[in-house]
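Here is the structure we will look at.
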There are 2 protein chains.
Amino acid sequence: MNQDKVTKKTTIYDLAELAGTSASAVSAVLNGNWKKRRISSQLAERITRLAEEQGYAVNMQASLLRREKSKIIGMIVPKYDNRYFGSIVETFETMARERGLFPIITCTRRDPELEIEAARTMLSYQVEWLISTGATDPDRITDICSAAGVRSLNLDLPGSKAPSIISDNFKGARELTRRILINSERKLGAAHPLLFIGGRGSDHNTAERVRGFRTAHADVGVSVDESHILTCGYAPEKAESSLQALAASEGRLPDGMFVNSTISLEGVMRWIKRSGHYVGRSPVIGCFDWDPFAALLADEIEMVRQDVQGMLDAVFGIIDQGSSSETLIQIPPVFMEGDAPW
Amino acid sequence: MNQDKVTKKTTIYDLAELAGTSASAVSAVLNGNWKKRRISSQLAERITRLAEEQGYAVNMQASLLRREKSKIIGMIVPKYDNRYFGSIVETFETMARERGLFPIITCTRRDPELEIEAARTMLSYQVEWLISTGATDPDRITDICSAAGVRSLNLDLPGSKAPSIISDNFKGARELTRRILINSERKLGAAHPLLFIGGRGSDHNTAERVRGFRTAHADVGVSVDESHILTCGYAPEKAESSLQALAASEGRLPDGMFVNSTISLEGVMRWIKRSGHYVGRSPVIGCFDWDPFAALLADEIEMVRQDVQGMLDAVFGIIDQGSSSETLIQIPPVFMEGDAPW
DNA sequence: CAGCGATGCTCAATCGATGAAGCAAGAATT
DNA sequence: AATTCTTGCTTCATCGATTGAGCATCGCTG
């Protein structure tokens, strides 16, 4: 191993010289199609050994420039601060690697500008596919991609210009609401209308969940209080201040809540603890998303777990076959009983 | 925008032809040193406009092949399933981008083989730096990197062959243990020896935390029970089965615990709930790591938060100045009072 | 008006890997 | 012995962007 002050990287030309052969032969051996190129196994072995001794690693930049396919697959993701996105990223990486693809992930912190910039950068790196996860403006990204001949998919939040894989938010929210109402009835004797908190009113998922929320109320003949639908955004502080404001103006808050994400739940739980509003009568809570600790927080907490594996199976199903006829694939979420199996 | 069936990517040669100029001029304009190369601002503007119209994006593979520096910086990380690593990754990405670097992150799922493979892949992509976060064998990665003339750093877990930035585990654990003992004394009247659970006995951080744990006990004249140091690994199930086994053999477990990570805490909380072991006498808990929901789980739960920003400041401090004289930088962790400020 | 510098561009080599085309030497066939 | 086939390599153009070197053209000076 050459440990000079400035170790220049070993190239196939260096190896060729050491082996007394041509760069072309070295290339053929190292990328595995030396049989096809009729290189003798002796030479192949010699080159392989040399490459190992020298700690050779192909220069992907050079290799990709020459090849037709980059095998790079990009994903943009809003945050890493919850289990849902964490497991999306981890599963995505694993499944990509299983297919011999190289995953590149970028976190855009829910910043629309960063999303676009990240998409452009990914294109520069010649990604073959770009998965926009929870993007604020997925169609804009799709436009940029298709102008460059790159295919794209939307995950978690749908767009209209590329196939979208999302949770079945309506059914999930309807069932979750049904369960909260049952818990509420069991605890308080009667089913009272719930509070909805979290998410952006403008995004598709939140809208669908609100629709499911309304439908479930209608199913049991309970009417929803419009002032109790607080789509205040995703940040914990927003949920917190939103509850604070409502309590200030209305006095007493409902005894049951539909919380639209674990991130919002964080703010909700913090406010409950700090304000002392619910002392002696802890509210019945349901959350559209799952977190292992949140699941342990209260006995009555219901959590829907989005089926990350199912969603990514759908994503790679499309990628594997190169295209999709469907535009919107909705994956049913999973209900957890008590604390979840890992 | 050309929307052909198979949109070939626009290159500088295409732009040159459209602008009636040379590829060289286009390149100079688009990478910003057209002034240096004495291109007229009229031509510059014309080319810029064309590039935008055509949705041109540089081919990074070609660009990087020619340039001397790749500006790519790699990080390998064990998991995305907790706030600590999530915030490391998010902060890393942000700080890298602020410096005009392109971050590539790979999750190795605590698999030593994958770590090595990932490191090699990163080298192929010509990373300039590789940050090994929580790696099982950081020195092996450093060897691979330095053979290729690539600088590396260790984060979270130290190595001996590259600068390492870690939490001050000893001091953190000593202070955490001190606090748990005080809480325990306040609750039970006297300070009893605590249980230590989670982490790998072989890793530096766990060893240092155990040392801090012992020292804090010694500080108040309480002796540690050796059979109560359960370094059973990081997975939640391991903590769970480890407690199960200990309870089976000893009957009654200690009333206070030092839990070595939020991941282990997950198993601990699950076991407590499932087994019913602590019914009516909930244990005093401290956790070396922070999670917003875990912080709300019990009143007596103490959490140390590792100073992610501080650690990454140190990392980029070294990167910015190109090297480091120090081999081990220890960043003091932060103690949270009650539920944390976000 | 020769001479010089400044201005605004183009040419062509280069980065490292790849693979089509080709070449030389031996083996097999007629 | 002449021809064809096979084996085992090498040569060279290529991918797209970058950049040192060079070449006109123009304005200005003495």
Side-chain angles (χ1 to χ4, degrees), chain A residues 7-48 50-51 54-72 121 123-126 128 148-149, chain B residues 8-47 50-51 54-72 121 123-126 128 148-149:
Chain A
T7 321
K8 261 277 146 276
K9 260 163 202 161
T10 313
T11 71
I12 50 169
Y13 298 94
D14 302 331
L15 293 180
E17 200 171 340
L18 285 170
T21 180
S22 72
S24 170
V26 173
S27 169
V29 168
L30 295 178
N31 66 32
N33 50 19
W34 53 280
K35 290 225 153 165
K36 204 189 308 171
R37 308 261 325 258
R38 297 189 313 227
I39 306 290
S40 67
S41 39
Q42 303 143 52
L43 181 56
E45 211 191 316
R46 190 147 47 92
I47 289 175
T48 309
L50 262 173
Q54 300 293 317
Y56 171 81
V58 259
N59 180 325
M60 274 298 172
Q61 262 75 52
S63 176
L64 293 182
L65 176 58
R66 191 62 228 283
R67 283 160 125 79
E68 69 304 355
K69 324 204 78 193
S70 75
K71 302 229 167 199
I72 299 181
T121 309
L123 291 184
S124 283
Y125 281 91
Q126 313 299 112
E128 293 180 12
Chain B
K8 261 278 144 274
K9 260 163 203 160
T10 314
T11 70
I12 50 169
Y13 298 95
D14 302 331
L15 294 180
E17 201 171 339
L18 285 170
T21 180
S22 71
S24 163
V26 175
S27 168
V29 169
L30 295 178
N31 66 32
N33 50 20
W34 54 279
K35 291 226 151 159
K36 203 188 310 167
R37 296 199 45 123
R38 299 190 311 227
I39 306 289
S40 67
S41 38
Q42 304 144 51
L43 180 56
E45 212 191 314
R46 190 149 45 93
I47 289 175
L50 263 173
Q54 300 293 317
Y56 171 82
V58 257
N59 181 324
M60 273 299 171
Q61 264 76 52
S63 176
L64 294 182
L65 177 59
R66 191 61 229 282
R67 283 161 126 78
E68 70 304 352
K69 323 204 79 191
S70 74
K71 302 225 167 200
I72 299 180
T121 309
L123 291 184
S124 283
Y125 281 90
Q126 313 299 111
E128 292 181 12

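Bear in mind the structure is a predicted one, so any value in this text is a computation, not a measurement. Chain letters run A, B, ... following the sequence lines, proteins first and then strands; every chain starts at 1.
Among the atoms of the strands shown, only primed sugar atoms or phosphate atoms (P, OP1, OP2) are found under 4.0 Å from some heavy atom of B/Leu43.
Between B/Leu65 and A/Arg37, it is B/Leu65 whose nearest contact on DNA chain C lies nearer the 5' terminus. Residue order along DNA chain C, read from the 5' end via each residue's closest nucleotide, puts B/Arg38 first among B/Arg38 and A/Ala28.
Taking only side-chain atoms of B/Ser27, from C-beta outward, the nucleotide of C/dG8, D/dA17, C/dT10 with the closest atom is D/dA17. Distances from the side chain of A/Val58 to the nucleotides C/dA17, C/dT7, D/dA17 place C/dA17 closest. Nearest to the side chain of A/Ser24, among D/dG20, C/dA20, D/dA17, sits C/dA20. The listed nucleotides are D/dC12, C/dC9, D/dT18; the one nearest the side chain of B/Ile39 is C/dC9. Of the candidate nucleotides D/dT19, D/dG16, C/dC9, D/dG16 has the atom nearest to the side chain of B/Asn59.
Near-neighbour residues of DNA chain D inside residues 11-18 of chain B, defined by a heavy atom below 4.0 Å, number-ordered: B/Thr11, B/Ile12, B/Tyr13.
A sub-4.0 Å separation between OP1 or OP2 of D/dA17 and a side-chain N or O of B/Asn31 is absent. Neither OP1 nor OP2 of D/dT11 sits under 4.0 Å from any side-chain N or O of A/Ser22. Note on B/Ser63: every side-chain N or O is 4.0 Å or more away from OP1 and OP2 of D/dA17. OP1 or OP2 of C/dG8 has not a single side-chain nitrogen or oxygen of B/Ser40 nearer than 4.0 Å.
For a distance-only test at 3.5 Å, the side chain of B/Arg66 qualifies as a donor-acceptor partner of the base of C/dT14.
For B/Ser124 against A/Ala57, the heavy-atom pair with the smallest separation is OG-CB, 3.9 Å. Taking each heavy atom of B/Ile39 and B/Ala44 in turn, the nearest pair found is CG2-N, 4.3 Å.
Taking atom NZ on B/Lys36 and atom C1' on C/dA6, their separation rounds to 19 Å, with Å as the unit. In this entry the distance linking CD of A/Gln126 with P of D/dC15 reads 14 Å, nearest Å.
A/Ser22 OG to A/Leu15 CG: the interatomic distance, rounded to the nearest 0.5 Å, is 12.0 Å.
Using a 3.5 Å distance cut-off with no hydrogens or angles, the side chains of A/Ser24 and A/Arg37 do pair a donor with an acceptor.
A distance-only check finds no donor-acceptor pair linking the side chain of B/Thr21 to the backbone of B/Ala16 [under 3.5 Å].
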